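In what follows, chains are A, B, ... by sequence order, proteins preceding strands, each numbered from 1. Below, each value reflects all heavy atoms present in this structure, side chains not excepted, and no hydrogens, waters or symmetry copies. For clarity, every value in this text was computed on a predicted model and none was experimentally measured.
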Amino acid sequence: MEEESGLIKIRKDKLAEIRDELQINPFPYRYDVTNYTAEIISNFEDYSSSEKIVSAAGRIMTVREMGKASFCTIQDRDGRIQLYVAVNNIGEKSYRLFKKLDIGDIIGVKGTVKKTKMGEISIFITELTLLSKNIRPLPVVKEKDGEVFDAFADKELRYRNRHVDLIVTPGVKETFIKRIAIIKQVKQILDDKNFYEVETPVLQPVYGGASASPFTSRHRALDITLYLRISLEPYLKRLIVGGFDRVYEIGKCFRNEGIDRTHNPEFTMLELYQAYADFTDMMALTEEIIEKTAIAINGSTKITCDGSEIDLKTPWKRLKVSDALKEYAGLDVLAMTDDELKSELKNLGVEAKGDFIRGLAIDEIFKLRVEDKLVQPIFITHHPAETTPLCKPDYEDQRFLQRFELFINATEIANAYSESNDPIFQRKTLYEQSLRRAVDEEAPPMDENFVQAIEAGMPPTGGLGIGIDRLVMLLTGESSIRDVLLFPTMRPQD
RNA sequence: GAGACGCUAGCUCAGUCGGUAGAGCAACUGCCUUUUAAGCAGUGGGUCCCGAGUUCAAUUCUCGGGCGUCUCACCA
């Protein structure tokens, strides 16, 4: 049992008084809510002139008690409204109840809507029903003229007690409602294009589709190790083979890595696969998804992130990795010898993992020299072939891939390929990748069943992955992934 | 992984050049029938993150630990 603070004891005593002295059930079963606070305020003229009886429910957020008449404010799903609570209007017993109520209690009220002398739209209540008694006090956050006083500001407490944060911190709930709307909008765009939304296994005997350490679990009855997926790719491609010509999934992926401003161990990915398409189709689709969603959510393609003004208006710039290195770092990597690349890496302080691999070296230099300069939306294309085994080489130059990454605000937002569908090539590249486990523990193991699926014949396919959390960060202007995750991963206390 | 910073009342914070601590809000009691960061008067509330060391004495100094925030690095 947690040790009890005095404040909780006092509230428990009040709870008992409400039950025993007033003979009121503090936790009744239901309440007929016919009005939301925001809706009452927007319909004020109608409701006040017709003297309509409104019925609303919400949590008490402020109380101003004055003898025999008082004011308080309740908060419901998307707004607040002031209540005028007078003993003449609700009677002695209800007023005695009101005096025992606290900030944080949930009540139902009925009454008419009027403006007070000070001009604030209020429900002049005639009926008060306690719906739930709070016994653990909430932080009391006050506001005047948009200025917030005594904010619930400790981020650790906010993340560990998100339920409290959602109640008392202005704007938090709105961010998550935006997140919901963003996902809904993205799905709408894909559904309109006849994509099937599917669900694939989270628990997998073999993981793949990315280079990352997995979380490991154990199935007892089967006595096998199962991994939490690190990407959606391997199973979605099996569905393309299976004849679902357009599929997508928005779901959690898990990577056993560090936590920072842009990384959480579990995060939400959108991956989609479209048969008969290539990476240029994926570029067009990416532009459409993000531009349309931005307009649907913010009414504009302009956003502000970490102080940068960014315009998501399409079309976006496209630049090959090698050209980006020329433009942003002054390096002509195509003309550089291996030794020159090695020395550049050394200058950047990178230690080689295993044998020198030219393509990986170029990719590494790109990340360190170019990525943080990519603020406006840009498709970076034609990565070195060695960076992924799952993508088709470009027909013009087999050293590079038909791949792009979308960068916005110096962060990778999307990644897409013309998917590899040559089974001979695929078996070879995946096998070679599995050998890299000797020097790179994040290289995934061989997935024989996946290769057999490709051997069954996969149509030419374009694939696209979008980090949903990062997209939400962009469109809400949040700079930490924790602020767009309802319950970010935290180390437990104690 | 590195560095900086933080942890004191329910919340936001101050403070103690080493002598076990304060404010505002919240809470409690009283007054108040149009308030809105309501007001007025009064009252209570603390393992000062944990442990060790130094000291007559540690919340304060030193060391170690925990947790977090931020920045950097890593994470196709």
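When each of B:A27, B:U35, B:C75 is scored by its nearest atom to the side-chain atoms of A:L7, the top-ranked nucleotide is B:A27. Each of B:A26, B:A76, B:U33 was ranked by its minimum atom distance to the side chain of A:E442; first place goes to B:A76. Of the candidate nucleotides B:U12, B:C67, B:C70, B:U12 has the atom nearest to the side chain of A:D150. Of the candidate nucleotides B:C25, B:A27, B:U12, B:U12 has the atom lying nearest to any side-chain atom of A:L157. With B:A37, B:C67, B:C28 as the candidates, the nucleotide lying closest to the side chain of A:K144 is B:A37. Residue A:K68 places its side chain closer to B:U33 than to any other of B:C11, B:U33, B:U35. Taking the side chain of A:P389 as heavy atoms from C-beta on, and the options B:A76, B:C70, B:A26, the nearest nucleotide is B:A76. Here B:A38 is the nucleotide among B:A37, B:A76, B:A38 with the atom lying nearest to any side-chain atom of A:R64. Among the nucleotides B:U69, B:A76, B:A27, the one closest to the side chain of A:I10 is B:A27. In the set B:C11, B:G68, B:C74, the nucleotide with an atom closest to the side chain of A:M490 is B:G68.
Residue contacts shown for A:A151 are limited to sugar-phosphate atoms, with no base heavy atom under 4.0 Å away. Among the protein residues, A:F124 comes within range of the nucleic acid bases, having at least one heavy atom under 4.0 Å from a base atom. Among the heavy atoms of the strands lying under 4.0 Å from A:E405 are primed sugar atoms or P, OP1, OP2 only; no base atom is included. Note on A:V141: nothing from the nucleic acid sits closer than 4.0 angstrom, heavy atoms only. If you check every strand for non-hydrogen atoms under 4.0 Å, A:T116 touches a base. Among the protein residues, A:E147 comes within range of no part of the nucleic acid, since none of its heavy atoms lies under 4.0 Å from any strand. Using a 4.0 Å heavy-atom distance criterion, A:Q433 is classed as a base contact. Within the 4.0 angstrom heavy-atom criterion, no nucleotide atom of any strand lies near A:A212. Using a 4.0 Å heavy-atom distance criterion, A:K155 is classed as a sugar-phosphate-only contact. Note on A:R158: nothing from the nucleic acid sits closer than 4.0 angstrom, heavy atoms only. Across all strands shown, A:L368 has heavy atoms under 4.0 Å from sugar-phosphate atoms exclusively, and none from any base. Residue contacts for A:R255: at a heavy-atom cut-off of 4.0 Å it reaches no nucleic acid atom on any strand shown. Residue contacts for A:K14: at a heavy-atom cut-off of 4.0 Å it reaches the sugar-phosphate backbone alone, with no base atom in range.
Distance, A:I8 CD1 to B:A9 C1': 14 Å, rounded to whole Å. Remark: P of B:A73 and CG of A:L348 are 11 Å apart, rounded to the nearest angstrom. One atom, NZ of A:K367, and another, C1' of B:C75, lie 8 Å apart when rounded to the nearest Å. Atom CG of A:D165 and atom C1' of B:G68 are 15 Å apart (whole Å). In this structure, A:E120 places its CD atom 6 Å from C1' of B:U36, rounding to the nearest Å. As rounded to whole Å, 22 Å separates atom P of B:A26 from atom NZ of A:K9. Going from atom CG of A:D102 over to atom C1' of B:C28 covers 11 Å, rounded to whole Å. Between the P atom of B:U69 and the CZ atom of A:R482 lies a distance of 4 Å, rounded to the nearest Å.
In terms of polar N and O atoms assigned as donor or acceptor, the side chain of A:T62 never comes within less than 3.5 Å of the base of B:U36 in a complementary pairing. Below the 3.5 angstrom threshold, one finds no donor paired with an acceptor across the side chain of A:D154 and the base of B:G68. Counting atom types as modelled, A:E371 pairs no side-chain N or O with a base atom of B:A76 as donor and acceptor under 3.5 Å. One cannot find a donor-acceptor pair under 3.5 Å joining the base of B:U35 and the side-chain atoms of A:Y84. Side chain A:D260 to base B:C75: no donor-acceptor pair is found below 3.5 Å.
In this entry B:A4 has B:U69 as its Watson-Crick or G-U wobble partner, both defining distances falling under 3.5 Å. Nucleotide B:A9 forms a pair with no other nucleotide shown, judged by Watson-Crick or G-U wobble geometry with both contacts under 3.5 Å. Nucleotide B:G44 is matched to nothing when pairs are restricted to Watson-Crick or G-U wobble geometry with both distances under 3.5 angstrom.
Taking each heavy atom of A:S420 and A:M458 in turn, the nearest pair found is O-CE, 3.4 Å. Taking each heavy atom of A:D469 and A:T268 in turn, the nearest pair found is OD2-N, 2.7 Å.
If you find the closest nucleotide of RNA chain B to A:K100 and to A:N88, the one lying nearer the 5' end belongs to A:K100.
B:G46 and B:U8 are spaced 15 Å apart, taking the P atom of each and rounding to whole Å. Here the separation of B:C25 from B:A37, taken at their C1' atoms, is 9 Å to the nearest Å.
Checked by atom type and distance alone, the side chain of A:R59 pairs as donor or acceptor with a backbone atom of A:G104 at under 3.5 Å.
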Full working for ring pair (Phe, Tyr, Trp, His ring centres under 6.0 Å) between A:F379 and A:F404: CA-CA 6 Å; A:F379 288 116; A:F404 73 78; 4.7 Å; yes

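Salt bridge present: A:K317 and A:E327 bring a charged side-chain N and a carboxylate O closer than 4.0 Å.
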